[in-house]
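Data first, discussion second: the structure below is written as structure tokens.
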Amino acid sequence: LKQLLFKNPNEPPIVFHWVPVIGSTISYGMDPYKFFFTNREKYGNVFTFILLGKKTTVCLDTKGNNFILNGKIKDVNAEEIYSPLCTPVFGKDVVYDCPNSKLMEQKRFVKFGLTQDALRSYVRLITQECEDFVKRHKDFKGQKGTFNVPKVMAELTIYTASRSLQGEEVRNKFNSSFADLYHDLDMGFSPINFMLPWVPLPHNRKRDAARNTMIQLYSEIVQKRRSGEAGKTGHDMIWHLMDCKYKDGTQVPDHEIAGIMIALLMAGQHSSSSTISWIMLRLATKPQLVEELLQEQKAVLGADLPEITYDDLSKLPLHAQVVRETLRMHAPIHSILRQVKQPMHVEGTPYVIPTSHSLLSSPGVSAIMPEYFHNPNVWDPHRWDSNLAEKLEAGDEDEEKIDYGWGTVSKGTNSPYLPFGAGRHRCIGEQFAYMQLQTILVAFVREFKIRNVDGSDRIVGTDYSSLFSRPLNPAVVEWERRNKEL
Ligand code: HEM
């Protein structure tokens with residue numbers, strides 16, 4: 001009754017709940033998309049719910065995406081929300097543990113390190129890593145078998161990212177010390193840390209120890225390289241960061257290089273391993289599409305399937321569409337949060353969002369709205385055949401551009417498809433992710449046929465318990481090795 005009687009007409013409606021602090025945390029946490037769509041029907045595109053005691057205003061659809069993701073720096077802030085979770089994992093003075101202007105410079109360093117030449121060299125490394133992986137992995141012995149997709153793809157993703165972006169020393173360490181350290185550090189992103197970042201949980205000690213050791217290991221790599229002990233090989237990100245300078249002329253200190261590398265490892269790992277897992281699981285529901293992909297490779301590259309190059313990837317549109325469609329339905333980041341810093345009026349409504357609220361954007365919602373995508377809950381890479389991607393982005397062409405220091409992007413966006421976000425915090429790993437995912441896909445399709453164990457088109461549910469959503473574990477599919485002579 002209190003919730004109905006004391007409603008402020010200038011604030012968005014509050015989702016009804018029984019228990020004060022818990023609010024809607026549980027129903028949101030179990031299935032955020034169900035929660036968003038149900039409440040959108042009741043309250044419209046803008047509503048507030050209680051998330052762990054905090055008033056959180058959700059703004060949906062393209063206007064809502066734009067309102068939050070392209071919010072001005074004086075109005076919205078990301079670091080206040082993300083720092084308690086991320087700083088203990090990435091370390092001091094990087095990403096959200098520094099002023100936003102410094103993050104923008106750090107993003108510029110990374111973006112400029114992901115040159116075409118670098119990406120070109122990574123395709124070969126990732127292909128080799130995939131080949132070695134299937135040769136040595138216990139689940140891929142013999143002609144036929146099954147594998148637990150989320151677990152196996154998480155391993156493959158980390159090996160491919162470390163061999164390419166992270167460099168040779170890091171990749172070699174993954175055979176021993178790094179894997180355990182990574183695991184301990186990753187515990188810092190457990191759901192409980194997101195909910196109660198200030199509580200001294202037992203696994204936080206391991207997380208902190210792992211972070212310190214990792215920073216030390218990266219710093220040792222940098223020092224060895226600076227001293228000339230390690231000969232320059234490849235285009236990895238550590239070499240690049242060692243050459244970067246902030247605008248004030250200072251070099252990037254070793255602990256910041258380490259922190260940026262840890263942040264890239266984490267950001268890339270969770271999003272890419274979730275996406276490649278969904279790709280495999282979706283393909284297992286449509287084995288004929290795996291054959292279509294192989295045919296595309298043969299038609300473009302020749303029946304003998306020579307080693308794939310970076311330039312070849314752009315000639316395989318169906319492979320790119322598989323990635324694009326998977327990101328439409330399974331964007332790894334379901335909620336993007338910001339703290340309100342100044343009262344913000346939501347255009348076209350009487351609502352002013354006060355500074356006590358945080359804002360939540362979920363571009364994954366517009367990506368499955370029937371207004372924009374026909375049969376939105378059907379996974380169909382062919383929906384992108386007719387230049388849908390260009391059409392969706394066309395609206396942004398004439399729009400005013402804005403330079404955030406790391407790149408120039410549209411000042412606003414009307415696109416319902418934003419798996420990499422928008423505005424100043426937009427992803428800088430998109431090209432790397434596409435290159436990595438497509439290269440793994442090419443290698444897999446050449447080696448295996450896959451299908452669901454029972455031959456059905458059933459798909460596993462989503463685990464939303466962390467900041468990054470992913471398929472529920474286990475999710476087992478069947479593989480069969482191709483007979484290369486045929
Ligand atoms: C930011 C998605 C891969 C590095 C973001 C954001 C999204 C996103 C939605 C915006 C977050 C926000 O506004 O708060 C994805 C997806 C990926 C992917 C879907 C793969 C399928 C990667 C990779 C890297 C990376 C491989 C590193 C090489 C970053 C960084 C940011 C970012 C540094 C900026 C964070 C900020 O400015 O606050 N990503 N990402 N991402 N991503 Fe990615």
Side-chain angles (χ1 to χ4, degrees), residues 65-66 68-71 73 76-83 85-87 90 94-114 118-119 122 126 153 157-158 160-162 164-166 236-237 240-241 259-279 320 322-339 358-364 367 404-407 409 413 417-441 467-470:
N65 297 340
N66 203 14
I68 298 178
L69 301 180
N70 287 304
I73 186 95
V76 292
N77 170 300
E79 52 270 31
E80 267 179 46
I81 303 253
Y82 294 139
S83 180
L85 189 73
C86 293
T87 301
F90 306 158
V94 293
V95 193
Y96 303 118
D97 189 58
C98 58
N100 183 268
S101 55
K102 187 166 177 176
L103 169 60
M104 296 299 110
E105 286 204 65
Q106 293 174 347
K107 285 178 77 168
R108 173 166 56 89
F109 299 155
V110 175
K111 181 105 196 265
F112 282 73
L114 293 169
L119 294 176
Y122 295 164
I126 291 176
M153 287 300 123
T157 310
I158 207 152
T160 54
S162 51
S164 51
L165 193 68
Q166 297 272 329
D236 67 52
M237 190 55 75
H240 173 72
L241 291 174
I260 294 172
M261 294 307 295
I262 295 173
L264 296 182
L265 186 67
M266 294 290 172
Q269 175 61 19
H270 288 280
S271 42
S272 294
S273 81
S274 163
T275 308
I276 192 69
S277 298
W278 281 120
I279 290 176
V322 164
V323 178
R324 196 168 287 134
E325 177 69 347
T326 305
L327 285 170
R328 184 184 69 77
M329 292 186 70
H330 302 287
I333 302 182
H334 57 76
S335 300
I336 298 178
L337 290 157
R338 301 284 186 261
Q339 179 57 42
S358 35
L359 287 170
L360 190 157
S361 166
S362 181
Y404 288 113
W406 52 263
V409 295
T413 175
Y417 181 74
L418 298 172
F420 293 96
R424 71 174 55 242
H425 289 283
R426 191 191 192 288
C427 189
I428 34 105
E430 179 174 354
Q431 286 77 15
F432 178 84
Y434 260 89
M435 175 280 301
Q436 181 189 25
L437 296 167
Q438 280 181 264
T439 307
I440 297 176
L441 182 58
L467 263 190
F468 296 87
S469 44
R470 54 189 170 207

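Whatever order the structure lists them in is the order used to number ligands and atoms, beginning at 1. By convention here, the first residue in the shown sequence is residue 1. Values below: every heavy atom of this structure, side chains too, minus hydrogens, waters and symmetry copies.
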For [atom], what's the nearest protein heavy-atom neighbour? Residue, atom name and distance, please.
atom                    : value
atom 30 (C) of ligand 1 : I428 CG1, 4.0 Å
atom 6 (C) of ligand 1  : F420 O, 3.9 Å
atom 9 (C) of ligand 1  : P419 O, 3.4 Å
atom 24 (C) of ligand 1 : G429 CA, 3.7 Å

[X]: numbered ligand 1 atoms lying under 4.0 Å from its heavy atoms:
X    : value
F432 : 26 (C)
A433 : 20 (C)
Y96  : 35 (C), 36 (C), 38 (O)
A267 : 4 (C), 25 (C)
K107 : 34 (C), 36 (C), 37 (O)
R338 : 12 (C), 13 (O), 14 (O)
I333 : 2 (C), 7 (C), 8 (C), 9 (C)
L264 : 27 (C)

- Query: Which one holds for P332 and ligand 1: side chain close, backbone close, both close, or neither close, with close meaning a heavy atom under 4.0 Å?
  - Reply: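 Under 4.0 Å from ligand 1, P332 contributes side-chain atoms alone.
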
Decide yes or no on side chain to side chain contact (heavy atoms under 4.5 Å, CB included) for S271 and I333, but give the supporting numbers first. CA-CA 8 Å; S271 42; I333 302 182; 5.6 Å; no

Using 30° and 60° as the class limits, which term best fits the ring planes of F432 and Y122: parallel, tilted or perpendicular?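 Geometry flag for Y122 against F432: perpendicular rings.
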
Checklist entry - Between H425 and Y96, what is the ring plane arrangement, given parallel below 30°, perpendicular above 60°, and tilted in between? => result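 Plane angle between 30° and 60°, so tilted.
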
Just how far is it from atom [atom1] of [X] to atom [atom2] of [Y], taken to the nearest 0.5 Å?
X    : Y    : atom1 : atom2 : value
T160 : L165 : OG1   : CG    : 10.0 Å
F468 : T275 : CZ    : OG1   : 10.5 Å
T413 : R426 : OG1   : CZ    : 9.0 Å

Using the rule given for side chain to side chain contact (heavy atoms under 4.5 Å, CB included), can you reason through I276 versus Q436, listing the C-alpha separation, both sets of side-chain angles and the distance that settles it, and then say yes or no? CA-CA 9 Å; I276 192 69; Q436 181 189 25; over 6 Å; no

Return the option from [options] holding the heavy atom at the smallest distance from [atom].
atom                    : options          : answer
atom 17 (C) of ligand 1 : G268, A78, S271  : S271
atom 31 (C) of ligand 1 : G423, A422, C427 : C427
atom 28 (C) of ligand 1 : I81, L165, T275  : L165

Grab the two heavy atoms, one from G423 and one from W406, that are nearest each other, plus how far apart they are.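 Minimum heavy-atom separation between G423 and W406: O-CZ2, 3.5 Å.
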
* So, does Y82 sit close enough to ligand 1 that a heavy atom of it is under 4.0 Å from the ligand? ->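 Flag set, Y82 near ligand 1.
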
- Message: Run I336 and Y82 through side chain to side chain contact (heavy atoms under 4.5 Å, CB included) and show every step you take.
- Response: CA-CA 10 Å; I336 298 178; Y82 294 139; 3.9 Å; yes

Quick one: do K102 and E105 make a salt bridge, cutoff under 4.0 Å?
->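 Looking at E105 together with K102, the answer is no, because their closest N to O distance does not fall below 4.0 Å.
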
Can you confirm, on distance only, whether ligand 1 has an N/O atom lying under 3.5 Å from any N/O atom belonging to H425?
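Between H425 and ligand 1 (N or O atoms, distance only) the closest approach is under 3.5 Å.
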
Item to complete: Decide yes or no on side chain to side chain contact (heavy atoms under 4.5 Å, CB included) for Y404 and N100, but give the supporting numbers first.
Response: CA-CA 10 Å; Y404 288 113; N100 183 268; over 6 Å; no

